[in-house]
K.L.:
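Below is one structure. I have some questions about it.
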Amino acid sequence: PAFVKRASLLEKANDIQMHSNAAALNSLALHEEKKAKLASMQTTTKYALFCITFSYFRALHLVRQQKEAFSLSRSKPPLSNERMKMIQEHKNCV
């Protein structure tokens, strides 16, 4: 009877050890999965930041282009040489 008890304790210990090993492997698998998800999230975040930065500078460039085009369309055309002579003659007379 003592041997049967010992065997049952050994079986219980083996059973506990097997469950412990399975839990450790499961924990390791979960850790690796979390690590992979984190790396994926980090890559996605870096790409998103790049896209936002690129869009910002592109928009800034387009705004400057439009500002320049708008200011040129609203400004007076340059005076011709003949017109400048006429203005100078008018100033000399007055």
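When a residue number appears, it is its place in the shown sequence, counting from 1. The figures that follow rest on heavy atoms only: side chains count, while hydrogens, waters and symmetry mates do not.
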K.L.:
Are any side-chain N or O atoms of Ser40 and backbone N or O atoms of Ala36, one a donor and one an acceptor, separated by less than 3.5 Å?
P.N.:
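The answer is no, because no donor-acceptor pair under 3.5 Å joins these two groups.
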K.L.:
Ignoring hydrogens and geometry, is there a side-chain-to-backbone donor-acceptor pair from Ser55 to Cys51 under 3.5 Å?
P.N.:
yes
K.L.:
Within this structure, what is the NE2-CG distance for the pair His31 and Asn26, rounded to the nearest 0.5 Å?
P.N.:
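CG of Asn26 is found 13.5 Å from NE2 of His31.
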K.L.:
Are Leu38 and Lys34 close enough that some pair of their side-chain heavy atoms sits under 4.5 Å apart?
P.N.:
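Leu38 vs Lys34: side chains apart.
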K.L.:
When rounded to the nearest 0.5 angstrom, what is the spacing between CG in Leu28 and NZ in Lys35?
P.N.:
10.0 Å
K.L.:
Let me confirm one number: the CG-OG1 distance from Leu49 to Thr45, rounded to the nearest 0.5 Å.
P.N.:
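Taking CG in Leu49 and OG1 in Thr45, the distance rounds to 8.5 Å.
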K.L.:
Around atom CD of Glu32, are there more than 12 heavy atoms of other residues, nucleotides or ligands at under 6.0 Å?
P.N.:
yes
K.L.:
Report the relative orientation of the aromatic rings in Phe50 and Tyr47; use parallel for angles under 30°, tilted for 30 to 60°, perpendicular for over 60°.
P.N.:
tilted
K.L.:
Glu33 and Lys37: salt bridge (Lys or Arg N to Asp or Glu O under 4.0 Å), yes or no, with the steps?
P.N.:
CA-CA 6 Å; Glu33 184 180 339; Lys37 284 183 180 180; 3.6 Å; yes
K.L.:
Distance check, rounded to the nearest 0.5 Å: Asn14 atom CG versus Asn21 atom CG?
P.N.:
10.0 Å
K.L.:
Look at atom CD of Gln66 and say whether more than 12 heavy atoms of other residues, nucleotides or ligands are closer to it than 6.0 Å.
P.N.:
no
K.L.:
Rounded to the nearest 0.5 Å, what's the gap from CD on Gln65 to CG on Leu60? Could you check?
P.N.:
11.0 Å
